[in-house]
Every structure is written in C-alpha cells, then in structure tokens.
**Student:** 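This is the structure I have questions about; it appears just below.
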Amino acid sequence: MAQSVRLAGRVLDHTQAPARGATVAVYPAAKTAVTDTAGYFSFADLPRGRQQITVTFTGHHQAMLEVNLRKHLNKVADITLIPFTRVLGEVVVSDNYAGRNRRESSLQIEAVNSDYIRRNLGGSLMQSLERLPGVKTIGIGSGNSKPLIRGLGFNQVVVVDNGIKHEGQQWGADHGLEIDQFAVNRLEIIKGPASFVYGSDAIAGAIDIKPAPPPSQDTLGGAFDLAGRSNNNQYGGSLQLYGRKGAFFFDTRLTHTAYGDYRVPADTVYVYSYAVGLNNRYVRNTAGREWNLHASAGWMGSRMQSVFYLSRVYNKTGFFANAHGLEPRRVDAALHDRSNRDMLMPNQEVTHHKIINRSVFRPGRHRLETELGFQRNFRQEWNQYVNHGYMPPVYPGHMQVPSTLERQYDKRVYSLNIQDEITLGRHALTFGANGEYQRNRIDGWSFLIPSFDQVTAGAFVYDKLRLNDALFLHGAARYDYGRIDMKEYTDWFSSDIVSNGDTVRQYLQRAGNLTRMFNSVNWSAGVNFTPGAFTLKANIGSSFRMPIAKELGANGVNYHYFRYEKGDPGLSPERSYQLDLGLGWTATGWSVELSPFFNYFPNYIYLNPTSQHDYYYGAGNQVFHYAQSRVMRYGGEAQVRYRFLEHWSAEILGEYLYNEQLSGEKKGYTLPFTPPPSLLLNVSYHPVFRKTLHESYVSLDYRLTAKQDNIVPPERKTPGYRVLNFSAGSRVRLKRHDLTIHLLVQNVLNTRYLRHTSFYRLIQLPEPGRNIILSVKIPFSVSING
Amino acid sequence: MCLAVLASLLFTRCSKDKEEVDTVYPEIDLSVAGAFPRQCSSIQRGQAFTFKARFSDNAELGSYSLDVHHNFDHHSHSTEVEECDLEAKKTPVQPFLFIKDYAITAGLQEYVATVEISVPADADPGDYHFMVRLTDKEGWQTMKGLSIKITD
C-alpha cells in the first residue's frame with residue numbers, strides 16, 4: 001500500500017551551524033535517526049498522520065514538534081536547538097528568531113519563554129523574571145511589580161507588547177505592570193540603551209513581549225493552566241483556546257486569579273517607630289483579584305500576515321492598611337482581620353484595554369511590518385477622605401468627585417509603527433518610523449500630576465552588515481520629536497497664605513498650561529564576533545528620554561510619601577551614553593558569559609530631596625525638587641554554567657551595579673533603588689525516565705545578596721540576606737499531549753529579610769515568607785479532519 | 001578560579017571609594033528640659049504654648065516644620081510607641097490647624113527650637129496630631145508625630 005511516507009529535515013545548533021550526530025525520534029512510529037554532518041535527517045518509511053518529532057543533542061534542550069504527515073514527501077522547517085546555556089527554558093521550535101537575534105545582535109539580550117515563566121512563577125510577570133541577572137523589580141504587595149533593569153526602571157524601561165509600546169502609569173512605585181503573565185509566549189529583555197529601536201524611554205532597556213506564534217495547521221485545541229500559591233492563598237487559572245484552518249487562526253485566553261493577604265515572617269512590623277501587630281503574620285489588606293481576557297485572530301498567508309490582538313487586563317488590590325503611602329495609620333483591625341481575602345480601603349483598581357493590529361507583508365526582498373494600536377489605562381485609587389494640609393476637615397458635599405476617590409488617571413494612547421526590512425547583499429537594512437498620541441486626564445481629591453496631551457514621533461535606520469558567518473557589524477541612527485501640553489490645575493480647597501502680614505485664603509494654582517517640545521538624535525554601533533567556542537559582542541550607543549509630565553509639572557504634596565514634589569518645567573531630555581561588552585565561552589559541559597557595561601548620563605533627571613520645607617504649596621512637607629545631574633554607572637552580570645555529570649548541572653549567576661552622581665546637590669551619592677550585588681548559586685539534577693516523564697528537573701537556588709549601604713535620601717541601609725529556593729518539575733506524556741507540572745518553593749527557610757527595591761522598604765516591611773507554588777499545564781486538542 | 005577572578009574584579013571596584021557621603025538622619029530630642037509638647041500632652045485652647053525641642057545632626061541641620069491637625073476621625077497614628085487615650089470619634093466644626101516651616105541658621109549641628117503657638121479660644125477641643133519634621137542639609141528627614149489633646 002502507498003501508506004508509507006517520507007520525512008526529512010535539518011537540525012541546527014544555536015549558531016545556525018548544522019548539528020551533526022543529533023538523535024531524532026518519531027513517535028508513535030517509534031523510529032529514530034541520527035543527523036549527518038550537514039545536520040540532515042530523513043525517514044523513509046513512516047505511516048501517514050500525526051507524529052511527534054523529538055530531537056536530542058548534547059548540551060542542548062530537547063526539541064519537540066508535531067507534524068501531520070499527509071504528503072508522500074514531507075519536509076519540516078529547520079529545527080534550531082537551544083543550548084542549556086543560552087535561552088532559558090524550553091525550545092521554541094516554531095520560530096528560530098529568538099536564538100538568531102541573540103546571536104546576531106550586539107545588544108545584551110535575555111530570551112525567555114512561557115515555560116521559563118511557569119518554572120519561576122511569581123505573583124506577577126516581573127517577579128517571574130527576577131531570577132535573571134541584571135533584572136530586578138520594584139514592587140508593592142504580592143501581585144504588582146515593575147521592571148528594574150540594571151537598577152533603572154519606571155519611565156526608563158520600555159515594555160513592548162505585540163510590537164506596541166505598553167503605556168500605563170510607569171512613573172509610580174505603588175502600582176504594577178498590566179500584563180497577564182500566562183499570556184506571554186516569549187519575551188526578550190534588552191539590558192542597555194535601546195532607544196534607537198524603541199524610541200524615548202528605552203534609555204535603560206526594554207522588555208519586548210513577542211507575538212505568540214500562530215497555531216500549527218489544521219488544529220483546534222487549547223490548554224488549561226492551574227496555579228496555586230500557599231503564602232497568600234492564591235489560586236489562578238488560565239484557559240486558552242486556539243484553532244487554525246488554512247491561513248485563518250484564532251487564539252483566545254481567559255485568566256482569573258485571586259489571592260488573599262500575604263504573610264511575612266514577623267508578628268510585628270514597625271511603621272516608623274510605631275509597632276503594628278500583624279494578625280497571624282498577614283499583611284493586612286493586601287489581597288487582590290485579576291481578570292484578564294485576550295483574543296486574537298488573523299490570517300497567515302505566505303506573502304501577507306495580519307493579526308488583531310484584543311485584551312483587557314483588570315486588577316484590584318488592597319494596600320497595606322496600616323500604612324497607606326508611608327504614613328502610620330490607625331485601622332479597625334477587627335474589620336480588616338475578619339477576612340484575609342477581602343479588599344477594603346485603601347485599594348487600587350486598574351483596567352487596561354488594548355487593540356492592536358500587526359501586519360507583515362513580504363513584497364520581493366522587503367519585509368514590511370505595521371502595527372496600529374489603541375490602549376486605555378484607567379487607574380483609580382480608593383481611600384477614605386483624610387484631610388491633609390489645608391484641605392477642609394469635612395469633605396464638602398458639593399464636590400462632584402466621590403469622597404473615596406483619592407486619585408484617578410485615565411490614559412488613552414494611539415500608536416502607529418511602520419518598519420521595512422530589506423536585504424541588499426551583505427546588508428540587512430531596517431527603516432522604521434513610530435508615532436504616538438496620548439491623552440491623559442486626572443481626577444480625585446488629591447493632586448499629583450496634571451492632565452496632559454503628548455505627541456511623540458521618531459524615525460530610524462538600522463544596518464546589520466554581515467562580513468562573514470562569524471562577524472557582524474551594526475550601525476543605527478534615530479531622530480525623535482516630542483511635544484507635551486500640560487493642563488492648568490487649581491486646588492479645590494483654599495490655603496492660608498501670608499501676604500503683607502495678613503493671612504488670606506487662596507486657591508493655589510498647582511500647574512499652569514505648559515507646552516514643551518523636544519528633539520533628539522541618537523545612534524548606536526556594535527560588533528559581533530562568533531568564531532566558535534568564543535563569542536565577543538561590543539556595542540556603544542546613545543539613548544534619550546523625554547521628561548514626563550510629573551518631572552515637568554508636579555507641584556503638590558505626594559501624600560503617599562509625605563513630601564512636596566516640585567517639577568521643573570525647564571528640564572532637558574535625559575541623555576545617556578553606554579558601552580556594553582559581551583564575552584562568552586562555550587565548551588563541552590561549560591559555558592561562561594560576562595556582560596560588563598559602562599554608562600554615563602550628562603543630565604540624569606532626579607527627584608532631589610532638599611533641606612527645605614514648604615508650608616505654602618507643600619503644606620509643611622519636605623521639598624523634593626526635580627533636578628538634573630551628571631551620573632556615572634557601571635556594573636555587569638556573570639553567568640557560569642557547568643554540566644559536571646550527565647544528569648547534574650550547576651549555575652552561578654552574579655550581578656553588580658555601581659551608581660554615582662557626579663554633580664549637583666547629591667554629588668557623591670548613588671541613585672535611588674540601586675540593587676545590591678547578588679550571587680545566585682544553583683545545582684540541578686535532570687533525571688531521565690523513559691517514556692513517561694521528560695525534561696524532569698530538581699533544582700536548588702541559593703541567592704546571596706549583599707547589604708546595600710550605598711544610599712541616597714530618603715532611603716535606608718538594607719542588610720544583606722540569603723534566601724533558598726527549591727524547584728522541581730516534569731513533563732508527563734499523556735496520549736497525545738504533554739502535561740507539565742512545576743513546583744516551586746520560595747524562601748524555603750522562611751527567612752526574614754528586607755528588599756532594597758520594595759516600595760514598603762521604607763516602613764521596614766519584610767518580604768514574604770515561605771511560599772509553595774504549584775502550577776500545572778494541561779493541553780488538549782479537538783481533531784479536525786484534514 | 002574564574003569565579004574568584006570575576007568576584008574580585010566586581011567587588012573591589014566599589015571599595016576604592018570617593019569620600020564618604022553623609023547617610024545619618026538628624027535627630028529630634030524631646031527629652032531635654034522644658035521640651036513640649038510630648039506624647040499625650042494637653043494644651044488649653046484660648047492660650048499660647050511654646051514648642052520646644054532639641055535638634056541635632058552629625059553634619060549640618062537643614063530646616064524644620066510644625067503641623068498641628070485634628071485626629072477626630074482617628075485616621076492615623078503617632079510615631080510614638082506609647083498610646084494615649086482617645087476621645088470618641090467626632091465630626092470637626094472648627095478644628096485648629098497650624099502649618100509653618102522654619103529655617104535653621106546654616107552650619108549648626110545642634111539647635112534648640114522654640115516657637116510660640118497660640119490656640120484660638122473657639123477651636124474644637126479633642127484629639128490632635130502634632131507633627132515635627134526635621135531635615136539636615138543633605139535632605140535626610142526625621143519625623144515625629146505626637147498625639148496631643150486640646151482641652152477647654
């Protein structure tokens with residue numbers, strides 16, 4: 001019978017070189033083959049229908065892909081393997097872009113996929129990525145965090161989601177990044193200035209969440225993710241459904257998670273010197289909920305691809321009731337302690353909507369990509385009215401704003417990106433342009449930043465010159481324009497002002513109408529040399545960031561910190577110059593990577609705590625004034641991996657950062673939120689069980705963090721600490737799919753420690769205690785007759 | 001080996017440091033003779049009282065501010081360990097409010113502040129907070145929040 005068909009393909013290692021001697025197994029046909037010197041494999045006698053291909057190669061992760069053998073001669077696309085040392089987590093077979101990009105880019109890039117996130121599942125996306133050297137988070141509570149790359153964060157790090165810059169309220173430490181971590185398929189973290197690709201704000205780096213690859217041909221299936229965390233009694237689930245028929249596909253996801261108050265290894269915490277007793281060690285009122293909905297649908301033609309992405313991310317979390325902001329507060333403990341899962345005031349609610357279209361056209365030698373996006377970030381902070389400064393003692397009945405709406409930020413953003421890639425001989429040229437319009441409105445009874453409109457636009461050209469297989473040169477230039485229009489704001493209450501010896505009551509104008517325009521030209525140049533076991537990367541470039549509305553126009557009391565923050569309307573765009581090096585060495589069982597950097601800012605924008613107090617605009621609070629100073633930063637990361645026995649490996653990840661202000665009032669001081677040096681020691685065991693369990697691991701992480709004595713007002717010195725984490729997991733083969741299980745125990749020894757970059761560090765609130773996290777992913781499919 | 005080299009490379013850079021920066025917070029001392037108010041002090045309305053405290057810093061003092069506001073809703077706590085008896089919650093009618101900032105002569109490491117504050121006779125009696133905020137020249141701030149009472 002003509003039942004038997006042929007299957008052929010090629011296996012490449014991470015350098016795109018042929019992987020010779022790799023084992024290729026086909027299941028359930030139960031045949032194996034070994035690749036030849038050119039990396040090719042072939043099977044002559046396979047049955048028609050679905051088969052799973054598994055590729056095993058020394059020093060690399062196992063690769064798996066499903067094929068549907070329907071033709072007589074079936075060819076699969078090149079399979080690029082991911083080495084244990086390079087990309088973390090499991091292989092991305094469907095697309096070798098990540099590996100190639102990392103190899104051919106002169107920037108420092110960490111690539112992570114969904115499996116890595118599930119293995120290191122934290123309360124939020126950034127917490128799941130914190131194990132990566134050079135990546136930290138600024139967080140509040142157990143479900144909110146923001147990225148900190150080499151000690152810089154907020155508006156200095158860009159987050160890109162499906163090609164569009166994610167715009168939330170990046171400037172604040174007390175709210176998080178509105179991204180559903182279950183919906184992340186793979187992402188890249190660029191450590192270092194990346195303005196020439198991502199524009200303003202990518203001055204310290206970028207987190208680029210890549211579009212998920214479309215489902216394979218003629219499939220209808222899904223996956224169910226379940227996750228639980230013991231520390232805050234969190235449960236969560238995410239249901240994904242996808243399907244593809246011919247060129248059309250859809251992919252949808254619904255995620256829900258709910259958690260209670262988190263626990264710390266302390267019975268009493270000291271807010272300033274006031275002792276706050278914790279009920280059963282629960283941090284009062286830090287529970288939260290999340291509801292996320294994603295839907296995408298698209299058409300994947302050979303010359304044209306177009307995908308629509310819709311999402312809604314909703315999050316409600318309580319703030320530690322004994323210290324809203326940083327003020328010691330009297331609370332009704334009986335009311336709060338009745339339940340660990342309720343969210344009473346103070347709390348915050350954030351809803352982020354996104355609609356994105358991403359299209360790719362391939363006319364001739366071109367690859368044209370467009371992204372169109374609209375997003376709305378709506379954030380509300382709820383709290384009982386408490387008069388501060390000159391606010392009236394009783395909330396006036398005539399106010400339109402509810403007495404419990406402390407702050408509200410409503411941001412609408414329209415974005416457009418166009419990019420064209422052309423290959424001309426040895427040159428791979430990319431031309432691109434981006435534009436963004438933002439409309440920001442505020443509400444609530446407290447004032448911090450004014451309403452504003454903002455337009456930014458930029459254009460860039462990037463050339464990657466391939467001199468030979470081992471040597472690439474990079475050059476890029478970019479021009480940016482930005483304009484910000486801030487709106488006038490006047491207090492709704494009057495203040496006592498002394499004028500010619502008389503005290504008069506006056507409504508203070510906090511912000512006037514202000515328009516600023518900015519221009520900036522940036523460049524980047526780099527080299528990649530990968531002759532073999534040794535790799536060298538070097539990159540030098542400039543980056544910039546437009547001052548944000550808060551830096552230009554803040555003029556009010558930040559009651560979260562009890563400080564009077566004053567913007568400077570004359571600030572110039574922040575600039576940065578950075579030199580990055582990447583040295584790598586790979587040998588059998590070994591790999592070493594070093595990535596030192598040196599960074600200089602001629603005009604870093606910094607909120608400078610002065611020795612002044614101000615009763616007039618500042619209601620008696622200390623004056624914090626936005627200023628610019630010269631800043632020098634250097635540091636780096638080191639990653640050593642060693643496979644010392646067939647099933648055993650060890651890993652050492654280290655990071656170091658030094659910041660210093662070279663001018664201005666804080667000359668000699670560091671920058672705020674400078675993470676202390678840390679070292680992560682890991683031992684992993686990868687047992688092999690035939691047939692049923694795959695990619696099993698048992699792993700111990702021991703993180704040693706040094707003390708941080710290098711501080712700047714209003715920080716506190718943070719002692720060093722040692723934390724032990726344990727993890728284990730496996731992929732269980734079921735009939736047609738693999739079920740994956742990950743177990744993670746964070747802070748195994750229930751160590752009490754303070755994290756220097758936590759929002760609650762200033763009130764001495766320790767980090768969460770022991771936390772057992774279990775996650776299971778159950779894929780399923782509904783077959784379509786092809 | 002490799003690790004040791006790396007570690008020494010990374011960790012020695014920071015030790016050959018520039019001159020030390022000031023990281024010491026200023027201090028508010030309410031234990032000096034005649035210091036007033038203290039935690040749980042009472043002040044009579046319609047009269048004046050004198051705030052007195054001793055401020056000190058290792059390098060140079062900056063400025064201070066005083067803030068007296070009502071705590072009829074028990075909204076927040078003093079920074080002191082000792083608890084005071086609070087009256088029942090009530091709605092303010094004409095609460096006493098006092099906010100003022102004061103400079104400290106440049107170059108001082110020690111300063112005894114005295115400020116006369118008069119409380120109007122028609123101010124609401126009840127629970128109040130007396131906040132003292134003190135900075136040093138570098139911008140380190142120490143806060144003291146005292147619970148006090150204004151009485152008839």
Side-chain angles (χ1 to χ4, degrees), chain A residues 271-276 322 327-330 384 386-390 392-394 495-496 562-563 592 594 596 608-616 618-622 624 634-636 638 640 652 654-656 658 660 665-670 677 679 706 709-715 717, chain B residues 2-3 6-7 9-11 13-14 17-23 25-26 60-67 69-81 83 86 91-95 97-104 106 124 131 133-145:
Chain A
V271 181
Y272 294 97
S273 47
Y274 186 77
V276 173
N322 293 87
E327 170 197 37
R329 286 173 68 89
R330 178 177 291 275
Q384 297 289 0
V386 174
N387 67 308
H388 293 278
Y390 290 102
V394 178
S495 300
D496 285 358
F562 281 78
R563 61 198 197 192
V592 179
L594 292 177
N608 178 38
T610 70
S611 64
Q612 304 304 306
H613 288 90
D614 181 276
Y615 83 91
Y616 181 48
N621 286 284
Q622 186 183 0
F624 281 56
Y634 58 80
V640 181
I652 299 169
E655 59 190 7
Y656 174 79
Y658 180 79
E660 186 180 334
E665 280 188 52
K666 290 293 177 287
K667 186 180 172 188
Y669 282 93
T670 186
L679 201 61
D709 283 348
N710 206 2
I711 54 169
V712 59
E715 292 186 331
K717 290 181 179 175
Chain B
C2 177
L3 181 73
L6 171 78
L9 195 99
L10 291 180
F11 291 82
R13 282 304 299 265
C14 54
D17 255 345
K18 70 258 154 135
E19 77 275 23
E20 281 294 298
V21 292
D22 175 21
T23 57
Y25 282 75
E60 183 177 346
L61 289 164
S63 71
Y64 69 102
S65 90
L66 301 178
D67 174 347
H69 60 266
H70 81 86
N71 188 28
F72 300 167
D73 54 356
H74 303 175
H75 66 270
S76 70
H77 245 297
S78 60
T79 58
E80 303 308 286
V81 177
E83 294 260 12
L86 292 178
T91 306
V93 181
Q94 197 166 333
L97 181 65
F98 179 88
I99 302 172
K100 191 91 180 76
D101 61 281
Y102 303 89
I104 299 174
D124 292 352
M131 301 282 295
R133 299 181 174 93
L134 170 70
T135 55
D136 69 6
K137 190 169 168 286
E138 300 290 4
W140 297 104
Q141 180 182 235
T142 298
M143 261 201 269
K144 273 239 187 269

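Letters A, B, ... mirror the listed sequences (proteins, then strands); counts begin at 1. The basis for the numbers below is simple: all heavy atoms, side chains too, and nothing from hydrogens, waters or symmetry mates.
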**Student:** State, to 0.1 Å, how close Val712(A) and Trp140(B) come at their nearest heavy-atom pair, and which atoms those are.
**Tutor:** C-CH2, 3.5 Å
**Student:** Can you tell which part of Leu97(B) gets under 4.5 Å to a heavy atom of chain A, answering side chain, backbone, both or neither?
**Tutor:** side chain
**Student:** Has Lys666(A) got more than 12 heavy atoms of other residues, nucleotides or ligands less than 6.0 Å from its NZ?
**Tutor:**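 Yes, enclosed.
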**Student:** Quick one: does any side-chain atom of Ser63(B) pair with a main-chain N or O of Ser611(A) as donor and acceptor, under 3.5 Å?
**Tutor:**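 At least one qualifying donor-acceptor pair exists.
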**Student:** Counting C-beta onward and ignoring hydrogens, is there a side-chain heavy-atom pair between Asp101(B) and Gln612(A) closer than 4.5 Å?
**Tutor:**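 No, their side chains stay 4.5 Å or more apart.
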**Student:** Among Lys100(B), Gln141(B), Glu60(B), which residue has the highest count of heavy-atom pairs closer than 4.5 Å to chain A?
**Tutor:** Gln141(B)
**Student:** Which bit of Asn387(A) is near chain B, if near means a heavy-atom gap under 4.5 Å: side chain, backbone, both or neither?
**Tutor:** side chain
**Student:** Taking the side chain from Tyr25(B) and the backbone from Pro714(A), do they hold a donor-acceptor pair closer than 3.5 Å?
**Tutor:**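 Present.
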**Student:** So which part of Phe624(A) gets closer than 4.5 Å to some heavy atom of chain B, the side chain, the backbone, both or neither?
**Tutor:** neither
**Student:** Heavy atoms only, distances under 4.5 angstrom: which of Pro393(A), Pro609(A), Gly618(A), Pro392(A) has the most pairs with chain B? Name it, please.
**Tutor:** Pro393(A)
**Student:** If you define the side chain from C-beta out and look only at heavy atoms, does anything of Ile99(B) sit under 4.5 Å from Tyr616(A)?
**Tutor:**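 Side-chain contact under 4.5 Å: no.
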**Student:** Heavy-atom distance under 4.5 Å to chain A: side chain of Leu134(B), backbone, both or neither?
**Tutor:** backbone
**Student:** Apply side chain to side chain contact (heavy atoms under 4.5 Å, CB included) to Asp709(A) and Thr23(B), showing your working.
**Tutor:** CA-CA 9 Å; Asp709(A) 283 348; Thr23(B) 57; over 6 Å; no
**Student:** Quick one: does Tyr102(B)'s side chain have a donor or acceptor within less than 3.5 Å of a partner on His613(A)'s backbone?
**Tutor:**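 Not at all, since once roles are kept as given, no pair shorter than 3.5 Å links the two residues.
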**Student:** For Gln384(A), is it the side chain, the backbone, both or neither that has a heavy atom under 4.5 Å from a heavy atom of chain B?
**Tutor:** neither
**Student:** Quick check on the interface: out of Thr91(B), Thr135(B), Val93(B), who has the most heavy-atom pairs with chain A under 4.5 Å?
**Tutor:** Thr135(B)
**Student:** Between Gln622(A) and chain B, which part of the residue has a heavy atom less than 4.5 Å away: side chain, backbone, both or neither?
**Tutor:**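 Answer is both: backbone and side chain atoms of Gln622(A) are under 4.5 Å from chain B.
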**Student:** Go through the atoms of Val276(A) and report whether side chain, backbone, both or neither lie under 4.5 Å from a heavy atom of chain B.
**Tutor:**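 Contact with chain B involves no heavy atom of Val276(A) at all.
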**Student:** Working to the nearest 0.5 Å, report the span between CG of Asn621(A) and CE of Met143(B).
**Tutor:**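 It comes to 7.5 Å.
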